[in-house]
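Some notes on the structure that comes next.
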Amino acid sequence: MDVRVRFAPSPTGFLHIGSLRTALYNFLFARHHGGVMILRVEDTDRTRLVEGAMDEQIASLAWAGVTFDEGPHVGGAYGPYVQSERFDLYREHAQVLLANGTAYYAFDTAEELDAMRTRQQAAGIAPRYDRSAMRNQFTLGEAETQRLLDDGAPHVVRLLVPLTREVRFTDMVRGDVVVAGREIDDQILLKSDGFPTYHLANVVDDHLMRISHVIRAEEWLPSTPKHVLLYEAFGWAPPIFAHVPLLLNPDRSKMSKRHGDVMVRDFRARGYFPDALVNFVALCGWNPGSTGEFFSMEELIQHFALERVQKAGAIFDYKKLDWMNAQYLTSKDPAQLADVLLPLLQERGHAYIERDYVAAAIKLLRERVTFLADIAEFGDYIFGDTLATLASDVAQGLRENSALRKACEHIRAHLDLSSAESFKTCASEAAAAGGLKPGQFMKPLRMVLTHREVGADLYETLTLIGTERCLARLDAYLA
RNA sequence: GCACCGUUCGUCUAGAGGUUAGGACACCGCCCUUUCAAGGCGGUAACACGGGUUCGAGUCCCGUACGGUGUACCA
């Protein structure tokens with residue numbers, strides 16, 4: 001079978017991290033099987049459109065490495081790939097169902113439907129369209145229906161759900177699913193504005209675009225029986241379904257803001273590497289069956305299988321994501337990281353930002369931070385000579401520490417960075433000159449030279465900064 | 001309420017009838033060490049519950065509980 005999958009977002013906002021994962025699974029599945037990845041824009045709700053949303057989503061996807069073979073931005077043989085441009089198609093297909101008796105006209109107003117639902121809830125029954133009591137083709141009769149249609153009365157087209165049978169389908173993640181027909185609502189297919197609902201457009205397009213596998217989030221599972229019915233009504237073979245589990249908040253509800261960032265652009269802005277994010281998110285709900293934790297996109301493609309997708313939702317663990325990002329940070333090429341960090345250092349007005357120098361600094365500091373950009377702040381004493389401002393009591397303590405001053409005077413005169421050994425020796429001698437043990441001297445010395453309590457190995461740090469700048473800082477302290 | 005789906009350490013998960021229930025994050029301890037990390041080593045910690053089936057059940061079946069999703073002229 002030719003594998004053709006699609007990611008079908010609505011352009012109503014930024015790309016959600018959960019959507020990224022759904023898109024990613026589609027992408028991995030397509031690539032694994034040498035299939036085709038399609039982007040289809042589901043913009044049938046005219047009231048929720050957001051300007052620029054689709055471009056943002058495509059950009060976020062591209063940033064993460066998820067690309068498409070067909071779509072509005074790349075073309076393809078099954079277009080157009082924007083549903084609002086396929087308007088006539090849905091009308092025609094609705095007509096087919098109307099003609100073969102699997103759909104019908106209904107004329108109820110929003111108020112009437114509200115009243116119906118209120119009544120049903122009061123009576124303790126499930127809110128569903130009451131075909132025999134509302135204003136539709138069946139209750140009104142053929143002549144009246146035709147008259148209303150001719151008059152241009154507002155109407156919708158509904159799916160005629162068979163009440164007495166079961167609808168069943170096999171889901172690649174969940175197995176066999178069976179739902180009784182009487183539990184399924186007579187879904188609106190065509191809205192009164194002439195636009196299709198998701199259900200109609202989705203089924204028509206999936207068929208016309210020859211989609212082989214529908215891989216989407218679990219929230220769609222309850223409406224899948226309607227879709228199966230629709231395929232039957234058209235006389236089409238349904239695609240294979242795979243409903244992937246949701247990404248969850250710590251309280252196990254569907255992942256949302258309130259608990260943290262959820263938009264891909266947020267993660268990007270915070271400094272996560274796209275490959276780290278993809279690696280992490282791929283492993284939220286899927287695993288390759290081995291104990292490895294790190295997978296490049298190529299490796300994910302190689303190992304991905306729907307059969308190994310989890311059934312239960314996964315709580316999004318920001319801490320583990322941070323860990324993963326830090327792991328990627330320590331494994332990437334310092335020179336390339338330098339290219340990324342450089343503009344940031346420039347923005348901060350730093351003076352010592354020669355590429356090799358920055359790369360060396362990254363190598364020195366990256367094991368101590370989560371994000372590349374952290375290094376700009378964490379290592380400011382390397383990139384510039386303006387040291388962080390110390391709290392006044394700390395500064396005073398340093399200044400008035402006579403033992404430290406003596407030790408610093410000594411090391412000012414004898415600083416030797418020619419080797420780790422020589423530095424150790426001169427530091428020990430300096431400590432002794434101030435009446436300090438070496439261990440008591442190193443930390444204050446670091447404070448004097450970097451204005452920070454923590455950092456990389458002091459000898460390596462000072463070597464990078466260079467003797468000259470170190471001496472200048474000692475002078476500044478001693479002045 | 002009803003329908004559907006789900007339930008292994010706090011979290012992500014391995015496990016396809018016989019395992020000392022494994023790994024990763026987090027947490028704790030030790031080592032390393034001039035700090036903080038990183039790294040190494042070790043530790044705490046789980047099969048929701050109840051019935052079956054079976055010589056044997058985390059694994060199969062049923063029920064219960066709990067949770068999630070859906071229940072729109074939104075997707």
Side-chain angles (χ1 to χ4, degrees), chain A residues 8-12 42-45 47-48 106 108-110 113-114 117 120-121 123-128 154-158 171 173-175 177-180 182-185 187-199 201-202 216-225 243 245-246 248 250-254 280 283-294 308 310-324 326-327 330 365-369 378 423-424 427-428 431 437-447 450 452-459:
Chain A
S10 289
T12 54
E42 309 222 323
D43 59 344
T44 53
D45 184 354
T47 64
R48 295 205 308 156
D108 315 283
T109 64
L113 291 170
D114 281 347
R117 277 188 278 267
Q120 290 169 328
Q121 264 167 12
I125 48 178
R128 243 190 300 280
H155 64 274
V156 300
V157 174
R158 282 181 183 270
D171 187 282
V173 174
R174 277 145 224 288
V177 179
V178 186
V179 180
R182 65 189 141 73
E183 302 294 346
I184 303 169
D185 204 2
Q187 185 60 235
I188 288 179
L189 266 19
L190 225 45
K191 300 183 252 189
S192 55
D193 65 0
F195 270 84
T197 56
Y198 168 84
H199 309 281
N202 193 263
R216 67 207 337 180
E218 189 187 351
E219 52 196 333
W220 293 107
L221 196 56
S223 51
T224 303
H243 288 89
L246 263 18
L248 270 26
D251 67 1
R252 304 211 77 88
S253 57
K254 195 157 81 170
F280 175 76
L283 259 19
C284 260
W286 170 83
N287 76 82
S290 56
T291 53
E293 298 282 336
F294 301 100
R308 296 199 68 91
Q310 212 70 23
K311 288 184 175 71
I315 293 175
F316 193 92
D317 187 348
Y318 290 92
K319 269 193 169 171
K320 190 160 185 178
L321 205 214
D322 282 354
W323 165 78
M324 182 145 286
Q327 292 292 315
T330 55
L365 297 176
R366 63 176 169 180
E367 277 170 0
R368 283 149 234 272
V369 299
F378 190 67
F423 172 66
K424 200 172 178 181
S428 296
K437 290 177 183 166
Q440 293 175 302
F441 179 47
M442 299 309 276
K443 204 166 175 178
L445 177 61
R446 175 188 296 280
M447 281 295 281
T450 71
R452 304 209 102 99
E453 289 183 11
V454 301
D457 175 86
L458 196 53
Y459 165 68

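Letters A, B, ... mirror the listed sequences (proteins, then strands); counts begin at 1. Since this is a predicted model, take the numbers as computed values, not measurements.
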| task | Go ahead and name the base partner of G70(B); Watson-Crick or wobble counts if both distances stay under 3.5 Å, otherwise write none. | result | C2(B)
| task | Taking atom P in both A16(B) and U11(B), compute the distance separating them and give it to the nearest angstrom. | result | 23 Å
| said: Taking only the P atom of each, what is the distance from A57(B) to A45(B) in whole angstrom? | reply: 24 Å
| task | For the pair Arg368(A) and Val454(A), evaluate side-chain contact (heavy atoms from CB on, under 4.5 Å) and give the outcome as yes or no after the intermediate values. | result | CA-CA 10 Å; Arg368(A) 283 149 234 272; Val454(A) 301; over 6 Å; no
| note | Lys311(A) atom NZ is separated from C5(B) atom P, nearest whole Å, by 11 Å
| query | Are any of the side-chain heavy atoms of Gln187(A) and Arg158(A) separated by less than 4.5 Å? | reply | no
| request: Would you mind reporting whether Glu42(A) and Pro196(A) have side-chain heavy atoms less than 4.5 Å apart? | output: no
| Which heavy atom in Thr197(A) sits nearest to a heavy atom in Ile188(A), and how many Å separate them? | OG1-O, 2.7 Å
| query | Considering only the C1' atoms, how many Å lie between U8(B) and C47(B), rounded to the nearest integer? | reply | 4 Å
| message | Measure CD/Glu367(A) against P/G40(B) and give the value in whole Å, please. | response | 11 Å
| What is the pairing partner of G58(B), taking Watson-Crick or G-U wobble pairs with both distances under 3.5 Å in any strand? | none
| query | Any idea which heavy atoms bring Ser428(A) and Pro438(A) closest together, and the distance? | reply | OG-CG, 4.1 Å
Protein N or O to nucleotides 69-75 of chain B N or O, pairs below 3.5 Å:
residue: U69(B); atom: OP1; partner: Lys254(A); partner atom: N; Å: 3.0
residue: G70(B); atom: OP1; partner: Lys254(A); partner atom: NZ; Å: 3.2
residue: C73(B); atom: O2; partner: Ser192(A); partner atom: N; Å: 2.6
residue: C73(B); atom: O2; partner: Ser192(A); partner atom: OG; Å: 2.7
residue: C73(B); atom: N3; partner: Ser192(A); partner atom: OG; Å: 2.9
residue: C73(B); atom: N4; partner: Asp108(A); partner atom: O; Å: 2.9
residue: C74(B); atom: OP2; partner: Lys191(A); partner atom: NZ; Å: 3.0
residue: C74(B); atom: O2'; partner: Asp45(A); partner atom: OD2; Å: 2.9
residue: C74(B); atom: O2'; partner: Arg48(A); partner atom: NE; Å: 3.2
residue: C74(B); atom: O2'; partner: Arg48(A); partner atom: NH2; Å: 3.1
residue: A75(B); atom: OP1; partner: Thr44(A); partner atom: OG1; Å: 2.8
residue: A75(B); atom: OP1; partner: Lys191(A); partner atom: NZ; Å: 2.8
residue: A75(B); atom: OP2; partner: Tyr198(A); partner atom: N; Å: 3.2
residue: A75(B); atom: O3'; partner: Ser10(A); partner atom: OG; Å: 2.9
residue: A75(B); atom: O3'; partner: Glu42(A); partner atom: OE1; Å: 3.2
residue: A75(B); atom: O2'; partner: Ser10(A); partner atom: OG; Å: 2.8

| query | So do Gln121(A) and Pro127(A) actually touch side chain to side chain, heavy atoms under 4.5 Å? | reply | yes
| What is the pairing partner of U53(B), taking Watson-Crick or G-U wobble pairs with both distances under 3.5 Å in any strand? | none
| remark: Rounded to whole Å, the CZ-P distance (Phe294(A) to C12(B)) equals 18 Å
| message | Output one letter per nucleotide in nucleotides 28-35 of chain B: B when a protein non-hydrogen atom lies under 4.0 Å from the base, S when only the sugar-phosphate is that close, - when neither is. | response | ------BB
| said: What contact category does Gln120(A) fall into here, base, sugar-phosphate, or nothing, at under 4.0 angstrom with non-hydrogen atoms? | reply: nothing
| query | Given that both distances must come in under 3.5 Å, which nucleotide forms a Watson-Crick or G-U wobble pair with A46(B)? | reply | none
| message | Regarding Glu218(A) and Lys311(A), does a basic nitrogen lie under 4.0 Å from an acidic carboxylate oxygen? | response | no
| request: Kindly say whether Asp185(A) contributes a backbone atom to a donor-acceptor pair with the side chain of Arg128(A) at under 3.5 angstrom? | output: no
| query | Hey, does Val369(A) reach any base, or is it just sugar-phosphate, or nothing, if we go heavy atoms under 4.0 Å? | reply | nothing
| note | Taking a pair to mean Watson-Crick or G-U wobble geometry with both distances below 3.5 Å, U7(B) pairs with A65(B)
| said: Work out how far the C1' atom of U53(B) is from that of U59(B), and round it to whole angstrom. | reply: 13 Å
| said: Assuming nearest nucleotide by heavy-atom distance, tell me which of Gln327(A) and Ala180(A) is located more 5' along RNA chain B. | reply: Ala180(A)
Could you go through nucleotides 13-15 of chain B and list every protein N or O atom that sits under 3.5 Å from one of its N or O atoms, giving the distance for each pair?
residue: U13(B); atom: OP1; partner: Gly285(A); partner atom: N; Å: 2.7
residue: U13(B); atom: O3'; partner: Asn287(A); partner atom: ND2; Å: 2.8
residue: U13(B); atom: O3'; partner: Gln310(A); partner atom: OE1; Å: 3.4
residue: A14(B); atom: OP1; partner: Asn287(A); partner atom: ND2; Å: 2.4
residue: A14(B); atom: OP1; partner: Gln310(A); partner atom: OE1; Å: 3.4
residue: A14(B); atom: OP2; partner: Gln310(A); partner atom: NE2; Å: 3.0
residue: A14(B); atom: O3'; partner: Arg308(A); partner atom: NH2; Å: 3.3
residue: G15(B); atom: OP1; partner: Arg308(A); partner atom: NH1; Å: 3.3
residue: G15(B); atom: OP1; partner: Arg308(A); partner atom: NH2; Å: 3.0

N/O-N/O pairs, protein side and nucleotides 60-65 of chain B side, under 3.5 Å:
none

| Mate of G29(B) where both pairing distances stay under 3.5 Å, Watson-Crick or G-U | C41(B)
| Taking the side chain as C-beta and beyond, is there a heavy-atom pair between Asp45(A) and Thr12(A) under 4.5 Å? | no
| Worked verdict on Leu221(A) versus Asp171(A) for side-chain contact (heavy atoms from CB on, under 4.5 Å) | CA-CA 9 Å; Leu221(A) 196 56; Asp171(A) 187 282; 4.0 Å; yes
| task | Give the intermediate values and the outcome of side-chain contact (heavy atoms from CB on, under 4.5 Å) for residues Asp317(A) and Met324(A). | result | CA-CA 11 Å; Asp317(A) 187 348; Met324(A) 182 145 286; over 6 Å; no
| For U34(B), the Watson-Crick or wobble partner whose two distances fall under 3.5 Å | none
| query | Expressed as a whole number of Å, how far does the P atom of A75(B) sit from that of G70(B)? | reply | 14 Å
| said: At under 4.0 Å between heavy atoms, how does the protein contact nucleotides 19-24 of chain B? Give one character per nucleotide, 5' to 3', with B, S or -. | reply: ----SB
| request: Could you measure between the two C1' atoms, the one in G22(B) and the one in G58(B), and give it in whole Å? | output: 13 Å
| said: In whole Å, measure the gap between the C1' atoms of G50(B) and A37(B) for me. | reply: 50 Å
| field | P spacing across the pair U13(B) / A48(B), given as an integer number of angstrom | value | 15 Å
| field | Ion pair check, Asp322(A) and Lys319(A), cut-off under 4.0 Å | value | no
| Would you find a donor on one side and an acceptor on the other, under 3.5 Å apart, between the side chain of Glu183(A) and the backbone of Ala180(A)? | no
| Distance in Å, Thr44(A) OG1 paired with Asp193(A) CG, rounded so as to fall on 0.5 Å steps | 9.0 Å
| message | Restricting to ring pair (Phe, Tyr, Trp, His ring centres under 6.0 Å), what partner residues turn up for Phe280(A), sequence neighbours left out? | response | Phe316(A)
| Should Met447(A) and Arg452(A) be marked as a side-chain contact (heavy atoms from CB on, under 4.5 Å) after you check the CA-CA gap, both sets of side-chain angles, and the distance that decides it? | CA-CA 5 Å; Met447(A) 281 295 281; Arg452(A) 304 209 102 99; 5.6 Å; no
| Can you tell if the side chain of Thr224(A) reaches within under 4.5 Å of the side chain of Val177(A), non-hydrogen atoms only? | no
| Watson-Crick/G-U partner (both atom distances under 3.5 Å) of A21(B) | none
| said: Tell me if a side-chain donor or acceptor on Arg446(A) pairs with a main-chain N or O of Asp457(A) at a distance below 3.5 Å. | reply: no
| message | Which is more 5' along RNA chain B, the nucleotide nearest Ala126(A) or the one nearest Leu248(A)? Just name the residue. | response | Ala126(A)
